[in-house]
Amino acid sequence: MTDKGVGEDVVWFADYHFPPPPPSSTSSSRKTIKKNPFKHLKGADLLGERDLTRRFIHAVNEHRLAPGLKMSYCGDRPDPSACDEDGQKPDAAFYRMAVAPSDDKPHWGDQLIACEFKVAKSSGAIQDPFEDVPNTVDGVVPSASEHRKKNRGQIITYAELLFAVQQRIAVFTLLVLGRQCRFIRWDRSGLVVTRSFDYYKKWKFFVDVLWRISQSSDKQLGLDPTAHRLFPGDPDYLLMTTAAKSVTSDVDHRERVLDEAPKDSFVFSYVRKAFQKSVEDDRWPRYRVEVPDGKQTRMYLIGKPSFRAKGLAGRGTRGYVALECGTGRFVWLKDAWRAHYLLVDREGDILERLMKANVPNIPTLICHGDIEDQVTYTPQRWEEKNPVPSVHSGTGTPSSSNVAGSSSSTSQKRKLDSDECEGDVPPPKGLSRLPFRSDSPLRRHKHYRLVVEEVALALSEFQYGRQLVTVVKDCVIAHYNAYQKLLLLHRDISGGNVLIYPRLVETSDGRFKVEYTGILADWEMAKETTVLDPRQPERTGTWQYMSVALLSGDKAVEVCDELESFFYVLLYNATRYLLSRLPDITIANYLDEFFDQYGWGDGRYVCGDKKKITIATGELEVAHTVRLKFNSSMDDVLADLLSWFKAHYVVSRYENDKMPEVSRSAVATPQSSAGDLKSATPARRLTGASVPPRVALPGKGSTQREGPSKEDREKANLASSHAAVVTLLEDAERTLVWSTGDKAGDRIPKTWRPDKKYDHECSTHISAVGTSNKKRRTNTGESLPLSLAQQRPPKTPPPPPPTGPSTAFARM
C-alpha cells in the first residue's frame, strides 16, 4: 500500500469528489456562517490531541457545519473483538444522524467519513504522515521518518477495516494536524491525498466543503449502491436470523457411512454453523447485495465474511456464506476487485468454459458479473497527472520526480472509454502495445461478484493423511482436464485453492456415505498456454507454492511448475498437521524457512535457500542430519514426488546450461601458444621437501559433459505428467497402509512468530541455515474462494527498499 499514492490540490479534490448539489436538488437549506466557527482553534498547534479533537468536534456540531451528519468522538473504547480483533480506537468520525453513537466507541459499521487527529508536533517532531513539496506534479509525498510512517500506517489500518466491515467503493478520511488538515480518498488501488491547508485561515472554504459533504449521496461518499444495508426489523434481517438456527435435518459432514439416507433437501452442519457465525455479532452490518446474472440480477443476504484478505490495496477478496433470496439455499459468494485489463478473463467466464468442457472437481457457477461501473479511480488520476509523452517529446517516460519504482501485488486502473466500461474486450488484431501503462505504479481493479453452489472446507480440515492425498489427487485431475480440454493452466495452485467438499454418495449395497472430495477453486488467474503476451504488469501466483524455476528466473508457467505446486500443497499440510517426531517449534521454523524465505538477486526477489536446496538434493532435510519423517505412508508419497522434481531440476539445469551447437561452433578452440601455461610452463616440483609420490589416476568422467542419467531423464518426464502424479497418488491411497489417527492438529504454536523463533527457555530450536529474509505469514490479498479457512499467506514479498531519495509516491 505504501507505494500507491497520488498527491492532489485540495480545491480540485473537493470540487471533483464533493461537488455542490444542483440548484434543483432538495438539499438542506444552507445556514449562513458569518464568523469563524474555529475561532477557539487558533492556537491548535499548541493543543494536545484530546483537547484538539474535542474542540474540533464541538465546532462542527455546534455550528451545524454538516447538517444531517454528526461528528462523534470514538477514541475511548474499541468495538467488540468480534468486530475488530485489534481493538483500534480512531479519534472521531462523521455518521448519519440516525445512527450516530454516543458511547465513545467507533461503531465501524456506521462510519461515513473517518477522522484522525494528530498534534502538529510531539517532542519537537512533526506528526504529519505526508509532506508538501512545491513545484512537483503531485505536490505531496509520504514522509520517510519512522514515526510519521507509523502514523501513516495507523490511518491505513483504519481505512482497511472500513473496507472490510462495510460494502465500499472508496473510503474518505479527514486528517487534522493541529491547525492543518488534509483529505484522503482510499480505494483498492491506492490513495489520493490533498496538500494540507490551514482550516482556521481558510475557514470559509472548509465550511463550504463540509456542507457539500453533508449534501453528498452515499455513493458519492464511497458506499456501494448495490449493497443494501439491513437493520433489525427488516424482513430480510429476520430471515437471516431464522436461517442461522440449527435444524434437525442438518447432516454431520464427517466422512462416514450413514445409518439412513438424509432427506432430499439437507444442509451440512458446518455450512449452517458458518452462516450462524457470520450473523452472531450485531455490530457487524448485514446486507442484501446484488449479483448480475446475465440481463437479470439476483439478491443474496450476507453478514460477516468467512474469509477476508488482509491489506487495503489489491483485490480485497471477501468470501461469504450467503443466503440466496427466493430459494433460501446457502451458497458461496465471492466479492473482489479483480484485475481490470483488456486481456484478463473474469473468473466466472473461465468457470463457464470449464463446466461446458465437463471438467470435474471445480466449483459450480450460479451467477457472476462486474458491479456496475465500479472501477478504482486512483490509477486514472495518476495517468491524468502523468500523461504519456508524445512521440515528438524525445522521451518515453515521465519526469524523474514521478517515475514509480517496482510495485508489489496490490492495485491499478486507468480512465476507460465508454465502451470499455461494459466489459473487457480483446484489442484488435495486430495491436502491439501492452494493454496497460507499464510505467504506472498502480494496478487497475474492477468490482466483481461471483456465486457458486459449493461451500467448501479448508484443506486443513482433512481428518487423516490418506484423505489429504485423495483431495490433492482430485484437484490434480481437475487440472489435467482443464489442460487437456482447454489448454488452460491454473497459475495459482496453493493451499488456499485446494479445498475439501463433502459429498453424499451411494455405495454398492444401496447405503449412503459422506465422502470427502477435492475442489480446485479460484481460477481467475488461469491462462491458456497459447497466450504468450503479458496481460497485466505483475507476475501472478502465491509465492509460497510457486516452483523453484518460477521463483528463480523469468519463464512461462508450465505443467511441471503447477505439479510442483501441488507437491508443496501436500508437503505443507502434511508437515503442519500430521504427526512427526519433530517438536512443534521446529515444525514452525521449518515451514517458515521453506515457504516464506526469499532471496534477493539481480534486482528481484528469488527463491529462498531451503526450497531450492530441497529440490536440488531431493531430501526433506530440516537441518543437518535431521530429516522430516512422518513414519507413515506419507514419507513414501513425498519421497517419490520429490525425486521426480529433483530429476526435473537436474535435467532442466543441464539443458539450460548447455550451449547450443551453433553457438558452440562460433567459439574459437583454444590453441597452444607461447602464452599457454601448459606448453610454456612446466609443473613446479618442490625441492628439499617431502612430497607424496605421484600415482596413477582413474579416467576422468565428466558429469557435465555426459549430462543427466537415463533414470534422471525418465523421472524428469514424470514431473511433467498429470497421469504419473495421479497414478502415484491413486496407488498410495489404495495400496499403502494408512492410519486414521495420524493427524496431530495444528503444529504451529499459537505463540510462535516468524521473527521470534524461540521456545520458552529462549533457546533456538533446529533451524535451517538460509536467507535471513522472510515473508511474514500475514495475508495481503488474496482470495480464498469457497473455503471457510484461515487467511492464506501473501502472494509476493514486500516491495524492495528505496535506493535513494525520491519525491514520488513510489517510495511512500
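Reckoned from all heavy atoms, side chains included, excluding hydrogens, waters and symmetry mates.
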Could you check whether R346 pairs with E352 (Lys NZ or Arg NE/NH1/NH2 to Asp/Glu carboxylate O, under 4.0 Å)? no
N/O donor-acceptor pair under 3.5 Å between T735 side chain and D731 backbone: yes
Please name the pair of heavy atoms, one in P360 and one in A478, separated by the smallest distance, quoted to 0.1 Å. O-CB, 3.2 Å
Supply the atom-to-atom distance I519 CD1 to T517 OG1, rounded to the nearest 0.5 angstrom. 5.5 Å
Report yes or no: do D492 and W523 form a side-chain donor-acceptor pair below 3.5 Å? no
May I ask you to decide if A521's main-chain N or O and H490's side chain share a donor-acceptor pair within less than 3.5 Å? yes
Under 3.5 Å: donor-acceptor pair, side chain of K4, backbone of P441: yes
Any residue meeting side chain to side chain donor-acceptor pair (under 3.5 Å) with D712, in chain and number order, not counting sequence neighbours: S709
Between V559 and Y483, is there a side-chain heavy-atom distance shorter than 4.5 Å? yes
Ring pair (Phe, Tyr, Trp, His ring centres under 6.0 Å) with Y464: which residues, sequence neighbours excluded? none
Test side chain to side chain contact (heavy atoms under 4.5 Å, CB included) on L520 and I493; report intermediate values, then the result. CA-CA 8 Å; L520 184 57; I493 303 299; 3.9 Å; yes
Should D609 and Q597 count as side-chain neighbours, where that means a heavy-atom distance under 4.5 Å? no
Have Q467 and Q463 got a donor and an acceptor in their side chains that come within less than 3.5 Å? yes
Using only atom types and a distance under 3.5 Å, with no angle test, would you say the side chain of D349 pairs donor to acceptor with the backbone of D345? no
4.5 Å side-chain heavy-atom contact, F462 and Y516: no
Checking the side chain of D742 only, and the main-chain atoms of W738 only, is there a donor and an acceptor separated by less than 3.5 Å? no
Scanning both residues in full, the closest heavy-atom pair of F630 with A574 reads CE2-O, 3.2 Å
Sorted by first residue and then second, give each salt bridge (Lys or Arg N to Asp or Glu O under 4.0 Å) pair with at least one member in residues 468-480; sequence neighbours left out. K473-E733
Salt-bridge contact R576-D746 (side-chain N to carboxylate O under 4.0 Å): yes
Hey, are the side chains of I585 and W752 touching, using non-hydrogen atoms and a 4.5 Å cut-off? yes
Quick check: do N573 and L578 have side-chain heavy atoms less than 4.5 Å from each other? no
Any side-chain heavy atom of L718 within less than 4.5 Å of one from V725? no
Are E461 and K743 within salt-bridge range, i.e. N to O under 4.0 Å? no
Taking T727 for its side chain and A723 for its backbone only, find out whether a donor-acceptor pair lies under 3.5 Å. yes
When you measure from the centre of the six-membered ring of Y568, is the NZ or CZ of K611 closer than 6.0 Å and no more than 45° off the axis? yes
Does a side-chain N-to-carboxylate-O contact under 4.0 Å join E524 and R315? yes
On a heavy-atom basis, which atom in L641 and which in F567 lie closest, and how many Å separate them? CB-CD1, 3.7 Å
If we count only N and O atoms by modelled type, under 3.5 Å, do the side chains of S494 and N497 hold a donor and an acceptor together? yes
Working to the nearest 0.5 Å, report the span between OG of S189 and NE2 of H445. 5.0 Å
Salt-bridge criterion met for K646 and E619 (N-O under 4.0 Å): no
L354 CG to I362 CD1 distance, which is reported to the nearest 0.5 Å: 4.5 Å
Atom CG of L638 and atom OG of S643: how far apart are they, to the nearest 0.5 Å? 11.0 Å
With a 4.5 Å heavy-atom cut-off, do Y590 and L620 have their side chains touching? yes
Start with the C-alpha distance between L488 and V359, add both sets of side-chain angles, then the distance that settles side chain to side chain contact (heavy atoms under 4.5 Å, CB included), and finish with yes or no. CA-CA 11 Å; L488 202 65; V359 173; over 6 Å; no
Just do the side chain to side chain donor-acceptor pair (under 3.5 Å) check on R747 and S580 with the steps written out, would you? CA-CA 10 Å; R747 301 291 306 278; S580 67; 3.1 Å; yes
Relative to each other, are the rings of Y545 and Y572 parallel, tilted or perpendicular (30° and 60° limits)? perpendicular
Which pair of non-hydrogen atoms, one from A456 and one from L499, has the smallest distance, and what is that distance? CB-CB, 3.9 Å
What's the verdict on side chain to side chain contact (heavy atoms under 4.5 Å, CB included) for T317 and K334, showing C-alpha distance, side-chain angles and the deciding distance? CA-CA 7 Å; T317 304; K334 177 179 177 179; 3.9 Å; yes
Give the intermediate values and the outcome of salt bridge (charged side-chain N to carboxylate O under 4.0 Å, His left out) for residues E621 and K610. CA-CA 9 Å; E621 190 175 78; K610 175 62 71 173; 5.7 Å; no
Starting at OG1 of T575, measure out to CD1 of I748 and round the result to the nearest 0.5 Å. 10.0 Å
Any side-chain heavy atom of L729 within less than 4.5 Å of one from V637? yes
Please, which pairs that meet salt bridge (Lys or Arg N to Asp or Glu O under 4.0 Å) have at least one residue in residues 557-567, sequence neighbours excluded? K555-E558, K555-D561
Ignoring hydrogens, what is the shortest heavy-atom contact between M355 and L365? Give both atom names and the distance. SD-N, 3.3 Å
Ring-ring centroid check F566 H479, cutoff 6.0 Å: yes
Any donor-acceptor pair under 3.5 Å from Y448 side chain to G348 backbone: yes
Holding to side chain to side chain donor-acceptor pair (under 3.5 Å), I want the full list of residues that pass it with N481, two or more places apart in sequence or in another chain. K485
If you look at every heavy atom in A526 and R491, which pair is closest and at what distance? C-CD, 4.3 Å
S652 meets the side chain to side chain donor-acceptor pair (under 3.5 Å) criterion, sequence neighbours left out, with H648
Report yes or no: do D596 and Q544 form a side-chain donor-acceptor pair below 3.5 Å? yes
Derivation and outcome, side chain to side chain contact (heavy atoms under 4.5 Å, CB included), residues W543 and Y605: CA-CA 10 Å; W543 176 274; Y605 291 101; 3.7 Å; yes
Are side-chain N/O atoms of E454 and T364 paired as donor and acceptor at under 3.5 Å? yes
Euclidean distance, L563 CG relative to S721 OG, rounded to 0.5 Å: 8.0 Å
